[in-house]
Amino acid sequence: MSPERLSGAQDYEDLLNKYDTWMFDCDGVLWRGNELIDGVTEVLQLLRSRKKQIIFVTNNATQSRNTYKKKFDKLGLEAHVDEIFGSAFASAIYLSSVIKFPKEKKVFVIGMPGLEEELRAEGIKHVGGSDPADNTLEPFTPSSFSPDPDVGAVLCGLDTSINYTKLSKAFIYLQNPSCLFLATNEDSTYPTAGALLPGAGAISAPLRFALGKNPASIGKPARTMLDCIKAKHDYDPSRTIMVGDRLNTDILFGKEGLLSTLLVLTGITHEEEVFGANPSPIVPDYVTRSIGDFRALI
Ligand SMILES: O=C(O)[C@H](O)[C@H](O)COP(=O)(O)O
Ligand SMILES: [Mg+2]
């Protein structure tokens, strides 16, 4: 079955009337890097004026909910911290509440300060991350590394300061079969304002290749994020739509969560992946060029 392509004000109006809860992916839907996608400000204001429930669901683990709130504020978008769900937050909840990671154990982090902030907020002990000793381009010498015996998991997220020392330490920990291999998410690419860049999945790829095994991935399409949302918000799946730019994360996440799905073409996915000769088996309910096009209703 092929998706319905939205083509004008009546289509947008029909969708607004059909759905009370709008879950928005961020990178490639609201913005690319720090550049807002045209029309997003007005459309989010329109949804708020129509009393729609709005939830933000991002696989980007570089920031915490609090620092994302600052980004929304800086970009002039109304957002409340309890509306924001990122894979950094979901990873901290996964460790604290889903697998009940032992309090005395530690997580070796490959990732940014936002991920560390969420782990701290959940009382998860961690090493690595922004530790200056790990953020170096000096050659890694195993004899100078004494693995922390309390490390019981490696958590890998998008890390724009990735290096051989971090990968080597993670790889040494992961050779212990009891050490958990976790990924905040596995997006292959990251849509920024100027270019498409390697995503979180490309950061954990060297470890996957060297170990010959995949991490447990916590972000979309896994349902941990939806469980985090359910723990904070009531919503009716039959009147909820997930708006995303990536088929194998956002749209799959929506479909598996029994939500309706709207694919926008302002991020990762190209039109021919949906309407071309060999379309993806992941089929959104609706497709539109940009969420900004809903401006036609203003
Ligand atoms: O590489 C990544 O982590 C992702 O590309 C990026 O952060 C995805 O964010 P989202 O589109 O889920 O907001
Ligand atoms: Mg996206």
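In each ligand, atom 1 is the first atom listed, and ligand 1 is the first ligand listed. These numbers come from a predicted model, not from an experiment.
Under the 6.0 Å cut-off for aromatic ring centres, Phe145 and Tyr173 qualify, their centroids lying closer than that.
Atoms of ligand 1 found under 4.0 Å from any heavy atom of Tyr190, numbered from 1 in the order shown, are 1 (O), 5 (O), 6 (C). Applying the 4.0 Å criterion to heavy atoms of Cys26 picks out, from ligand 1, the atoms 13 (O). Residue Thr58 has at least one heavy-atom neighbour below 4.0 Å for each of these atoms of ligand 1: 9 (O), 10 (P), 12 (O), 13 (O). For ligand 1, the atoms sitting less than 4.0 Å from at least one non-hydrogen atom of Gly199 are 1 (O), numbered in the order shown with element in parentheses.
Taking all heavy atoms of Val57, Asn185, Asn60 into account, the minimum distance to atom 2 (C) of ligand 1 is reached by Asn185.
The backbone N or O of Thr62 lies less than 3.5 Å from a partner atom in the side chain of Asn60, making a donor-acceptor pair.
A cation-pi arrangement, defined by a distance under 6.0 Å to the six-membered ring centre and an angle within 45 degrees of its axis, is present between Arg5 and Phe275. The side-chain tip of Arg239 does not point at the ring of Tyr19 from less than 6.0 angstrom away and within 45° of straight on.
Considering the Mg ion (ligand 2) as centre, the angle to OD2 of Asp25 and to OD1 of Asp245 is 80° (10° rounding).
Taking atom 1 (O) of ligand 1 as the reference point, the nearest protein heavy-atom neighbour is Ala200 N, 2.8 Å. If you check which protein heavy atom lies closest to atom 9 (O) of ligand 1, you get Asp27 OD2, 3.0 Å. In terms of protein heavy-atom proximity, atom 11 (O) of ligand 1 is nearest to Asp25 OD1, 2.9 Å.
Defined by atom type and a distance below 3.5 Å, a donor-acceptor pair is present between the side-chain atoms of Asn135 and Lys166. Side-chain atoms of Ser168 and Thr165 include no donor-acceptor pair closer than 3.5 Å.
Taken to the nearest 0.5 Å, the CD1 atom of Ile291 stands 9.0 Å off from the OH atom of Tyr12. A distance of 9.0 Å separates NZ in Lys71 from CG in Leu30, rounded to the nearest 0.5 Å.
Because the distance cut-off is set at 2.8 Å, Asp187 fails to qualify as a neighbour of the Mg ion (ligand 2), as none of its N, O or S atoms comes that close. Here Asp250 fails the criterion, with no N, O or S atom under 2.8 Å of the Mg ion (ligand 2).
Asp27 has its closest N, O or S atom to the Mg ion (ligand 2) at the position named O.
Only one option out of Phe56, Phe294, Trp22 pairs with Leu44 in a side chain to side chain contact (heavy atoms under 4.5 Å, CB included); it is Phe56.
Thr189 counts as a contact of ligand 1, since one of its heavy atoms falls under 4.0 Å from the ligand.
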